[in-house]
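Below: one structure, written as structure tokens.
Excluded from the calculations below are hydrogen atoms, water molecules and symmetry mates; all remaining heavy atoms, backbone and side chain alike, are included.
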Amino acid sequence: MSEPQREQRPSDDETRRQALLLIHERLLGEYGEPTPKSQMAPLDEVVFTILSQNTTDTNRDRAWAGMWREFDSWRSVAAAPVSRISKAIEAGGLHRTKAQRIKDLLGRVREERGDYEMDYLRDMDMQSARMELGRFKGLGAKSINCVLLFSLGQPAFPVDTHVHRILRRVGLVETRDLSRANREIQADVPDEIAYPLHMNIIRHGREVCSAQRPECWRCCIEDLCGFEEKRLESR
Ligand code: SF4
């Protein structure tokens, strides 16, 4: 007599993976393929992500522009006192902390690599590059994922505030801790959808699923979402 077949139950990871694929397809239907971002050099992207921390894209861009109005190379940034770097990037907020981080980072890269560049990261696999970036102070899990995805073309999945909010509302992430969310979701995001899913969730967060007033009545993933405070009528 043959053994009775055990019921095949998908693991939580597989369920989450399937849910992410479904959300990806819905968002793709709504917003299309996101335009590829132009890739920055790894060191540029690292500093760019430091400037992105705890601020808006607009203010990050103002800080980046301010830095390049004041300086003409990484060498000149590294040679400047923290106060001058801080002044140049002040539009981005937390400028003193960020200026110190940038100066420390540049000093360490120069000391270890002999130049102001981090192109060696391009030759590493994702796990090695992740560990390498983790050695630098001020680079948390989200910042590292941004560098991996945007500069190194690796299938990392940065969880920023928009992505975090939506994944929590949908029920795919429980933790309120952004760093932990960044670590927990990685293995479940299929490589091929990491970039478009990240970009389209951010767009969805900006256009439909805002923090205060989500427009659930016109949300293309409403039936997949477990948020208890859905706003199903436009008012
Ligand atoms: S149903 Fe509402 S809360 Fe859920 S993802 Fe859509 S807009 Fe956000």
Checking one residue: [X]. Which other hydrophobic residues are in its cluster under the side-chain 4.5 Å linking rule?
X: L28; answer: none
X: M199; answer: L149, F150, Y195
X: F227; answer: none
X: V208; answer: L20, L21, L22, I23, L27, Y31, F157, V159, V163, I166, L167, V170, L172, V173, L178, I185, V189, I193, L197, I201, I202, I221, L224

- Query: Taking it one step at a time, do R108 and E111 satisfy salt bridge (Lys or Arg N to Asp or Glu O under 4.0 Å)?
  - Reply: CA-CA 5 Å; R108 187 161 174 189; E111 187 183 310; over 6 Å; no
- Query: Does anything in residues 181-191 pair up under side chain to side chain donor-acceptor pair (under 3.5 Å), and if so which pairs, sequence neighbours excluded?
  - Reply: R16-D188, N145-N182, R180-E184
- Message: Is it the case that the side chain of K98 and the backbone of V47 share a donor-acceptor pair, with hydrogens and angles ignored and the cut-off at 3.5 Å?
- Response: no
- Query: Nearest heavy-atom pair of K103 and A79: which atoms, and what distance?
  - Reply: NZ-C, 4.2 Å
Do [X] and [Y] have side chains that get closer than 4.5 Å, going by heavy atoms?
X: L105; Y: I102; result: no
X: P42; Y: E117; result: no
X: R168; Y: E174; result: no

- Message: Run the side chain to side chain contact (heavy atoms under 4.5 Å, CB included) test on C225 and K230 for me, step by step, so that the C-alpha distance in whole Å, both residues' side-chain angles and the decisive distance to 0.1 Å come before the verdict.
- Response: CA-CA 9 Å; C225 176; K230 282 184 191 170; 4.0 Å; yes
Check ion pair [X]-[Y] (N to O, under 4.0 angstrom):
X: R206; Y: D57; answer: yes
X: R101; Y: D104; answer: no
X: R26; Y: E30; answer: no
X: K87; Y: E90; answer: yes

Residues forming a side-chain hydrogen bond (donor to acceptor under 3.5 Å, both in side chains) with [X], sequence neighbours excluded:
X: E192; value: none
X: H162; value: R165
X: R84; value: E70
X: E132; value: Y120, R135

- Task: Output all residues satisfying side-chain contact (heavy atoms from CB on, under 4.5 Å) with Q127, sequence neighbours left out; order by chain, then residue number.
- Result: D125, R130, M131
- Message: Going by ring pair (Phe, Tyr, Trp, His ring centres under 6.0 Å), name the pairs with one or both residues in residues 70-114, residues two or more places apart or in two chains.
- Response: W68-W74
- salt bridge (Lys or Arg N to Asp or Glu O under 4.0 Å) filter on R69, not counting sequence neighbours, yields none
